[in-house]
Number of protein chains: 2
Amino acid sequence: MSLDRPSELQAGDARAPRQQPATLRDVAEAAGVHATTASRALNPKAQQLVNAETVRRVRRAAEELGYQPNPIARSLKTSKSSTVGLVIPDLTNPLFPPIVRGIENVLESAGYSALIVNTDNDPQRERALIESLRSRQVEGLIIATALLDHPLLQQLQQQDVKIVLINRRIENLRMPFVVGDDATGIGLAVKHLAALGHTRIAHLAGPQTTSTGVVRSRAFRHAVRDNGLEEDPALIVECAHWSEEDGAGAMRELLDRGTRATAVVAGNDLIALGCYDVFADRDISCPEDVSVVGFNDMPFLDKLRPPLTTVGVPHHELGAEAARMLLDSIDEPERYPRSLLLPVSLILRDSTAAPPA
Amino acid sequence: MSLDRPSELQAGDARAPRQQPATLRDVAEAAGVHATTASRALNPKAQQLVNAETVRRVRRAAEELGYQPNPIARSLKTSKSSTVGLVIPDLTNPLFPPIVRGIENVLESAGYSALIVNTDNDPQRERALIESLRSRQVEGLIIATALLDHPLLQQLQQQDVKIVLINRRIENLRMPFVVGDDATGIGLAVKHLAALGHTRIAHLAGPQTTSTGVVRSRAFRHAVRDNGLEEDPALIVECAHWSEEDGAGAMRELLDRGTRATAVVAGNDLIALGCYDVFADRDISCPEDVSVVGFNDMPFLDKLRPPLTTVGVPHHELGAEAARMLLDSIDEPERYPRSLLLPVSLILRDSTAAPPA
DNA sequence: TTAGTTAGTGCAATCGATTGCGATGGCCAG
DNA sequence: CTGGCCATCGCAATCGATTGCACTAACTAA
């Protein structure tokens, strides 16, 4: 009988149910050594403390018994849980699943797992969830809900909680972050529209309580100036949330107060989707009457009517880098906090065209 | 100074940094009792074993010290981790985020957390991930990757692992599951098309290795017969995966071999999306030339060109019920396994219309 | 020969909470 | 006055792995 899948065998093996999984002591006994030695033999970092032949014996015994170290016991002793917390607004926002997968990918290969919580943008809830995460002994936090003014995060930082921010940052806090290069993304979008011949471009800005919101709208204003376009403050309207609904509201406001514009760069794809809704209601056709560009390139944008031009952000990489960073800072707590700005790219589809004559 | 947020206070409190969080023994000492008593005083189930006054003292001490029980130590002793594993194919599939949120909602209120893993439909990976989940001492598993023939699940069942299946089931295994009512969903779709006047309806079936796939295609055949429509085997083509790509492939196959059909009911929304791709390539217009109905009502289907008619499944509820079920079976291991069939509804949009004259 | 290394291993404490069992003292019935 | 019951509470073992320290040989250097 083969021994390479012991944990499966024991299931079908009638004579030795061995309900309890093998413990380190069982292995030690089987190998004829003390648990201490077994522990060291199994631990790569301590392996050189024990005789090579002994190591072999122990490893073989471990394999035969299908030994799996109990991570809970280990955690208790070492006070490392091999777990990190991931705090996002809402998993249901298509922006996040790819990020989560990126994070889990690198966590997985390091033997870590993520505990995911959704705050629904409720600070109360966020506080409670983070509290519960901490009580579960997470070793660090990846946070996607950062606000420009975020007392909770400041507090956590003071308490030496390891944190990396993702997708959003906090400007005056020295806290590592991984974000897309929003400014050049917006720059690309405006330039593209300008090249098409647009001169009055509107911006449906995201909430100015988030770095993403302010960076993008600042970049928009700069791009407008750099491209010599019309700088009318009325062309900028802010959304309170990164949502389709708020996007629609902003678009309606723009239309209702009669601000002329032949193109709009939306704070993100959801906001752009809101524009689509308004267009449908009011018989405006895109891109003939007005061009739209989104931000993020969330899935299925190419199936829209019309397929949405947007700026693509490497979500998977964003997540992966954030996880790598957190892991690093867990390994070397003293390391100076790095931050990353990942490159973005304009993805041309059919929602942008030359302005109406 | 208020005492209701001790863990925050201690951060800013210069004189007593108390780096280490308070332990049960600290609380006991502060209350002038033994740790045993403190433990019982804090545990609702054991509280009646200790004097009411003592309970008060202990609780006060706990509060003052900002005591948070260490779940790891607790887990070690009780071998309960308050954690369950969630096994899905790919979080990036829009079907899953709402399910996950439903699950986490009920888990959260029970003090449980979920560890999410993505198998990418790779059995090897699935096995390894479940192994790792188990080594993390999860108390149960919610599995969305069930195949009709799934030896691993059978094994787990024999090893008394608590499992509830979600979205898919295994017919001959007595394992609790929560699924949408696929059969009546398909029935609704076919009936709707029949009422519109279609007589040759195609079915782009999902993989017949999954219960969802076979149930839906079986229901399709029955519905066709019940509505007195044409029963041409050529009208049914199977997709190897629940993907846009495979959906497109199936649609192309149907077209290429010249099978006439004025409507197609897709195994799910992704497959329907694949049809859209082919339509775009071949200048077929939907719904004028051919009607399409999907399944699941994943997000943003209403923004498609044309908005997709589909059958809506209560994803959030699906997740919530599955979690409830798992929790129940953890609490009362002997309870007879229940299963749930949640009601679905046809969601009419613009991808279905009367057949061309 | 003797002191001093060094490699290899074991002892026992420890992480923080839980729990079976036993001890204590008060109180009541007989 | 004595035995017994009950309400309270503490002792100590336990969960499974890790690790500082000590111990034993065997070996080296002087």
| field | Between B:Gln48 and B:Arg40: side-chain donor-acceptor atoms closer than 3.5 Å | value | no

| request: Could you tell me whether A:Thr54 contacts a base, only the sugar-phosphate backbone, or nothing, with contacts defined as non-hydrogen atoms closer than 4.0 Å? | output: sugar-phosphate

| said: Quiz question: by atom type and distance under 3.5 Å, do the side chains of B:Arg59 and B:Tyr67 form a donor-acceptor pair? | reply: no

| Spacing of A:Glu29 atom CD relative to C:dG10 atom C1', expressed in whole Å | 15 Å

| said: With a 4.5 Å cut-off on side-chain heavy atoms, are A:Asp26 and A:Thr23 touching? | reply: yes

| Side-chain donor-acceptor contact under 3.5 Å, B:Thr83 with B:Arg136 | no

| query | Any sub-3.5 Å donor-acceptor pair from B:Asn93's side-chain atoms to B:Phe96's backbone N or O? | reply | no

| B:Asn118, B:Thr145, B:Asn121 screened by side-chain hydrogen bond (donor to acceptor under 3.5 Å, both in side chains) with B:Glu126, the one that passes | B:Thr145

| Which whole-number value in Å describes the distance from A:Arg57 CZ to C:dG8 P? | 13 Å

| message | Whole angstroms only, please: what is the CD-C1' distance between A:Gln47 and D:dT19? | response | 17 Å

| query | How many Å lie between CG on B:Asn51 and P on C:dG25, as a whole number? | reply | 16 Å

| message | Return a single string for nucleotides 12-20 of chain C, one symbol per nucleotide in 5' to 3' order, where B is base contact, S is sugar-phosphate-only contact and - is none, cutoff 4.0 angstrom on heavy atoms. | response | B-BBBBBBB

